2 protein chains.
Amino acid sequence: MGERRTEVLRAAIELLDEVGIDGLTMRLLASRLGVRASALYRHYPSKQALLDAMVVHLSTPRGEARTPADAPWDEQLRRTAGSLRQLMLAHRDGARLMSTFHTPGPEAAAGFHDLVGALVAAGTTPDAAVTAVDTVLAYVNGHTLEEQARKTDASAWPGHRRDLAFDNGLELILTGIRATLP
Amino acid sequence: MGERRTEVLRAAIELLDEVGIDGLTMRLLASRLGVRASALYRHYPSKQALLDAMVVHLSTPRGEARTPADAPWDEQLRRTAGSLRQLMLAHRDGARLMSTFHTPGPEAAAGFHDLVGALVAAGTTPDAAVTAVDTVLAYVNGHTLEEQARKTDASAWPGHRRDLAFDNGLELILTGIRATLP
DNA sequence: TGTACACGTGAACGATGTTCACGTCGATGC
DNA sequence: GCATCGACGTGAACATCGTTCACGTGTACA
């Protein structure tokens, strides 16, 4: 069951990398599959449903590399922030794609909860922990969205330069969090 | 000259608040002005040009309340961040609207430069100052984008509650910056 | 008087997401 | 063997979108 459905999803992600989210058209995707656009609606009730499925698929941890729950809170935040950014940068218009989606699955909610837990364990109040995690996530989203928006422009910074800029900003926030600890 | 042009702009902003950015259609805007869609192209070469003009108009400081250049760096950052957020929240889909635009005018660039200058005057290196300002701006964009996206949802937090969440995250970053000072 | 100019019309074009009635074809149950 | 069912796809259409273009107004100014 749902075998073709998966193929459609795969083709959609492939096409996303080639033409970007604005060029990602039901007709183009269909032709890529040797099919008419109307056939796609057998598998996804709407284009938005397809986009949602893409986000879910891309966000689902691909294999290993879970962040160890016993790592210090700042290391956990660093890893989560870094892999979230990498997730967005891994595909063309990835950040914009993610931002169209808005019902974070249980996976994301669990990750959020873990981070808050790590901070509370380190001595913050629950409220402060939520604020801290929210702040980091807002930073990651804002930074990466802008980073990817400028990507094709003239400002073609080398990759490690951009990584550094991201890390520096993140460390700034982590330092701020650290200052609220006992 | 350009009198009608201004009226079109005004009507577009008015319509934005009523129907949101997705409902903002050239035809609808035209009918609101008692005119056909094609007439709009006498004043703006494209819809994107209209959107750009809206961003510029909304971003242009309306009257007074310039941030005093002799204020401490953290106060300057607080004010800039706060008014940037207010700018976005002032109109429906304001944050999304702003994010479609991407050639920051001399106004924004000057503001950016002022903030960096204030930080350098406080003792940071120029690089660190740029990082700090970038981080704050990324946070404001990320936070406000998400805040406004959830706005019409069930999660209808009261306004001051949302202001507090924003301020707390901002203070976290400011604390982080402060820690890098002599 | 005539000639620019600002402004608007009406019809069309191509593209988009989506719907719907209709086909095809292989597996499954009798 | 035959019928039925389900998964899959077709083809034509619909409404809507941004945009273009040839063509009309009326007003102000030389």
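Per chain, numbering begins at 1; letters A, B, ... match sequence-line order. In this text, all values refer to a predicted model and were calculated from it rather than measured experimentally.
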message: Check this for me, if you would: do R32(A) and E14(A) make a salt bridge, where the nitrogen-to-carboxylate-oxygen distance has to be below 4.0 angstrom?
response: no
query: Taking atom P of dT16(C) as reference, at what distance in whole Å does atom CG of L40(A) sit?
result: 13 Å
- prompt: In B/S/- notation, 5' to 3', how is nucleotides 14-21 of chain D contacted by protein heavy atoms closer than 4.0 Å?
  reply: ---BBBBB
- request: Round to the nearest Å and state the distance from L29(A) atom CG to dG17(C) atom C1'.
  value: 13 Å
D167(A), V136(A), L174(A) screened by side-chain contact (heavy atoms from CB on, under 4.5 Å) with R78(A), the one that passes: L174(A)
field: Atom-to-atom span, NE2 of H43(A) to P of dG6(D) - whole angstrom
entry: 17 Å
message: Would T60(A) and E107(A) count as a side-chain contact (heavy atoms from CB on, under 4.5 Å) here? Give the steps.
response: CA-CA 8 Å; T60(A) 299; E107(A) 185 74 34; over 6 Å; no
query: Roughly, in whole Å, what's the span from CD in E7(B) to P in dA6(C)?
result: 16 Å
message: Salt bridge check, R79(B) against D74(B): does any charged N sit closer than 4.0 Å to a carboxylate O?
response: no
statement: Rounded to the nearest 0.5 Å, the CZ atom of R92(B) sits from the CD1 atom of I21(B) at a distance of 11.0 Å
Would you give me the side-chain donor-acceptor pairs under 3.5 Å for residues 119-134 of chain A, sequence neighbours excluded?
residue, atom, partner, partner atom, Å
T124(A), OG1, L119(A), O, 3.1
T125(A), OG1, A128(A), N, 3.1
T131(A), OG1, D127(A), O, 3.2

